[in-house]
Amino acid sequence: ITDCYNIMNMKPFLETAKLYGDPDADEVQQEIDSYVDAIKLHLQPYLDMQKDSDELYIPLRPDGNDKELVRDDYPMYHYPKFILIGALDVSYSDKIYRWLINANRSNGVFYGRTPVLKEGGVWYISAAEISWFQLWMQIGDYEKAREILRTQRQYTVTEEYCMMERIVI
């Protein structure tokens, strides 16, 4: 996921370099492309293993050994970033979403449920939803994007207009 954030931050840098005519802008583009290609290479075995499934699970580590992270309550909600940076085709969005629902990591309203270590679990909100909001907007699923905005207003904004990071349900 850190790699996705790196790429997402390199892209505005590239646009700025192009805007100001930086002679090294093409080199930055090549670095971004190379970085995305490396991520695609790591994702491909998981895509191949699940090609006949209607769900897609992407492990939290490139080697696939993420049981310890999952056990330790590591939130698993940044999957849309792989699509947003171009490492996964948008056609995988429904498969990822289905996995989140079926694995009880999303209820279709909140997208960042940690593994259930407590009664009901903990929902990490706002951080999870921004990626999904961006994805739904990109692919034109405005109803899901609108629902994210509605739930953010309803559940995360206090009367003092502060945002909460997590809630226990």
Side-chain heavy atoms of Tyr92 within contact of Ile58, under 4.5 Å: no
**Item:** Min side-chain heavy-atom separation Tyr57-Pro59 under 4.5 Å
**Value:** yes
Those residues at least two apart in sequence (or on a different chain) that pass side-chain hydrogen bond (donor to acceptor under 3.5 Å, both in side chains) with Asn9 are none
Could you check whether any side-chain heavy atom of Tyr79 comes within less than 4.5 Å of a side-chain heavy atom of Leu100, counting everything from C-beta outward? yes
By side-chain contact (heavy atoms from CB on, under 4.5 Å), Leu41 pairs with (sequence neighbours left out) none
OH of Tyr97 to CG of Asn102, rounded to nearest 0.5 Å, is 10.5 Å
Note to self: Can you confirm whether Met49 sits close enough to Gln44 that some side-chain heavy atom of one is under 4.5 Å from a side-chain heavy atom of the other?
What the structure shows: no
By side-chain contact (heavy atoms from CB on, under 4.5 Å), Lys40 pairs with (sequence neighbours left out) Val36, Asp37, Ala87
Tyr5 meets the ring pair (Phe, Tyr, Trp, His ring centres under 6.0 Å) criterion, sequence neighbours left out, with His78
One should read off an interatomic distance between Gln152 CD and Ile130 CD1, to the nearest 0.5 angstrom, of 8.5 Å
Hits for side-chain contact (heavy atoms from CB on, under 4.5 Å) against Ala103, two or more places apart or cross-chain, chain-then-number order -> Trp99, Arg105
Residue set satisfying salt bridge (Lys or Arg N to Asp or Glu O under 4.0 Å) with Arg98, at least two apart, ordered chain then number -> none
Sequence neighbours excluded, the answer for side-chain hydrogen bond (donor to acceptor under 3.5 Å, both in side chains) partners of Gln30 is none
Hits for salt bridge (Lys or Arg N to Asp or Glu O under 4.0 Å) against Asp63, two or more places apart or cross-chain, chain-then-number order -> Arg61
Residues 19-47 vs ring pair (Phe, Tyr, Trp, His ring centres under 6.0 Å), sequence neighbours excluded, gives none
Taken in chain and number order and not counting sequence neighbours, the residues that satisfy side-chain contact (heavy atoms from CB on, under 4.5 Å) with Asp26 are none
The salt bridge (Lys or Arg N to Asp or Glu O under 4.0 Å) partners of Asp141 (sequence neighbours excluded) come to Lys144
Separation between CG (Asp3) and CE (Met8), nearest 0.5 Å, reads 13.0 Å
- Item | same_hphob_cluster(Leu135, Tyr142) at 4.5 Å side-chain heavy-atom cutoff | yes
Checklist entry - So do Arg146 and Leu149 actually touch side chain to side chain, heavy atoms under 4.5 Å? => result no
For Gln50 and Glu55 the tightest heavy-atom approach is OE1-O, 3.8 Å
Shortest non-hydrogen pair, Ile39 vs Ile85, comes out as CD1-CD1, 3.8 Å
dist Asp22:CG -> Thr16:OG1 (nearest 0.5 Å) comes out at 10.0 Å
Smallest heavy-atom separation, Val90 atom then Ile83 atom, equals CA-CG2, 3.8 Å
Shortest non-hydrogen pair, Ala25 vs Leu14, comes out as O-CD1, 3.2 Å
Fill in: Note, Glu15 side chain near Leu19 side chain (heavy atom, < 4.5 Å)
no
**Request:** Let me see the working for Lys11 and Gln29 under side chain to side chain contact (heavy atoms under 4.5 Å, CB included), right down to the final yes or no.
**Result:** CA-CA 8 Å; Lys11 288 184 176 187; Gln29 180 66 64; over 6 Å; no
Could you go step by step and tell me if Asp24 and Glu27 meet the side chain to side chain contact (heavy atoms under 4.5 Å, CB included) rule? CA-CA 5 Å; Asp24 295 325; Glu27 185 178 337; 4.1 Å; yes
- Beyond-backbone contact of Ile139 with Ser93, side-chain heavy atoms, under 4.5 angstrom: yes
By side-chain hydrogen bond (donor to acceptor under 3.5 Å, both in side chains), Glu147 pairs with (sequence neighbours left out) Arg150
Looking only at heavy atoms, the pair that brings Ala145 and Phe133 closest together is O-CD1, 3.5 Å
Side-chain contact test, heavy atoms from C-beta onward, threshold under 4.5 Å: evaluate it for Leu88 versus Ile96 and give yes or no.
-> yes
